[in-house]
Amino acid sequence: MSAGDGIVTSAEALSGQLTEWRRHLHEHPELSFQEHETTDFLERTLRGFGVDPVRKTETGLWFDIEGPRSGRTVLVRADIDALPIEEEADVPYRSGRPGVMHACGHDGHTAIALGVTKLLLERRGEIAGRVRVLFQPAEEKLPGGAPMMIRAGVLEGVDEAIGLHLMPMRLWAPGGVFPVGRAALIDGPAMAAAEEFRIRIRGVGGHGAAPHTAVDAIACATQVVNALQHIVSRQVDPLQPAVVTVGTFHAGYNFNVIAPQAELTGTVRAFDESVRDRMEESLRRIVRQTADAFGATADIEYIRGYPPLVNAAEQAEVVRGVIRDLYGTDALEAAVPMMGAEDFAYILQERPGAFLWLGCGSEELKAAYANHHPKFAIDERALPIGAAVLTAAALRLLER
Ligand SMILES: [Zn+2]
Ligand SMILES: [Zn+2]
């Protein structure tokens with residue numbers, strides 16, 4: 001017998017329950033840092049299992065499942081928050097809260113972690129150490145729930161960490177539906193760091209016929225937009241992935257008025273910490289000096305978001321081994337890093353671990369929209385797979 005025997009069967013037997021939990025959560029979504037009902041639901045459900053949660057933050061909780069032998073501790077993390085999106089998916093368990101939707105699959109992650117808890121409680125005798133299960137709030141909103149839970153002590157005594165993300169569509173090339181039964185897990189940097197910037201260019205307003213009496217904020221801001229594209233093309237190592245996107249540009253009052261002010265917002269993405277530093281420096285310099293060159297001034301707000309998510313090769317290989325053993329070699333798909341971001345990255349900065357992408361797409365079930373789409377949906381057959389993989393991975397990490 002090795003850790004993992006019979007887990008697929010036990011997880012399949014939990015399918016109905018996993019679906020029920022997930023649908024309940026889907027109907028009752030809550031925004032980041034406001035997951036009170038979700039936390040109450042988790043506490044009630046866990047008490048029903050005989051588990052006493054250690055509640056450490058206003059929303060979110062964690063607890064330990066101890067095996068008979070002493071050993072290391074593995075953290076299994078699920079995020080629990082929803083997004084400010086009006087649901088357009090045509091399902092009977094549609095969001096009951098206007099403007100709030102589980103459009104990133106965190107309802108599924110939460111149900112999976114409840115499943116992991118159940119499966120581990122059934123196999124307490126096989127746990128060579130301790131598994132800590134974390135239900136983490138606020139993945140979707142800066143500054144993120146993960147750093148808050150770390151400050152609350154969730155990593156004290158933890159040696160390694162694992163987690164997963166449900167994905168109906170491949171967010172990496174070549175794209176397309178990422179079906180149930182498939183998973184991907186790459187070594188090293190897997191998801192990008194994501195920053196947010198706001199730039200306000202201040203010129204001097206005036207009559208459209210008298211430019212010499214004014215400082216045109218639009219003329220200046222367009223130069224800034226173009227110059228910012230030189231950061232990636234001319235200032236970052238071409239072998240390093242990087243993105244600068246200006247997402248909004250607002251300025252002006254009327255056709256015959258010179259705009260006194262222009263406001264730009266956007267995002268910067270990169271993997272490497274030194275590239276991240278360099279891009280912030282470049283952006284600040286380009287904005288300041290371009291404004292100066294045109295006689296304008298600029299205010300820059302630059303918010304560092306989540307760090308890059310970096311999988312540890314050793315733990316990633318253990319998880320891949322579990323997937324191969326439970327679901328066959330074909331279940332594992334080759335993937336490349338993506339420019340999306342994820343706050344589990346903070347946990348992986350502190351402890352070695354692995355973050356897995358789990359397929360849950362199906363054209364037939366209309367689960368063929370990317371995460372954050374208002375029609376986002378999942379093929380729920382992915383839930384027992386997620387629970388089996390995380391349970392077996394936690395057991396195997398402790399066994400080695
Ligand atoms: Zn998301
Ligand atoms: Zn997510």
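Model, not experiment: these values are computed from the prediction. Atoms within a ligand are numbered from 1 in the order they appear, just like the ligands themselves. No hydrogens, no waters, no symmetry mates; every other heavy atom, side chains included, goes into these values.
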- Look at His106 and state whether any of its N, O or S atoms is less than 2.8 Å from the Zn ion (ligand 2).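 A backbone or side-chain N, O or S atom of His106 is under 2.8 Å from the Zn ion (ligand 2).
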
Practice item. Determine whether the side chains of Arg288 and Thr297 contain a donor N or O and an acceptor N or O closer than 3.5 Å. Key: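 Short answer, no.
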
Looking at the rings of His26 and His106, which for Trp means the six-membered one, are their centres under 6.0 Å apart? no

Geometric cation-pi criterion Lys118 and Phe49, 6.0 Å radius, 45° cone: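 Relative to the ring axis of Phe49, which defines the angle, Lys118 lies inside both limits.
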
Q. Any side-chain heavy-atom pair from Val275 and Asp237 closer than 4.5 angstrom?
A.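 They are not in side-chain contact.
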
Worksheet item: To the nearest 10°, how many degrees is the angle His372 NE2 to the Zn ion (ligand 1) to Cys104 SG?
Response: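 With the Zn ion (ligand 1) as the vertex, the angle is close to 110°.
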
If I take every N, O or S atom of Glu140, is at least one of them less than 2.8 Å from the Zn ion (ligand 1)?
yes

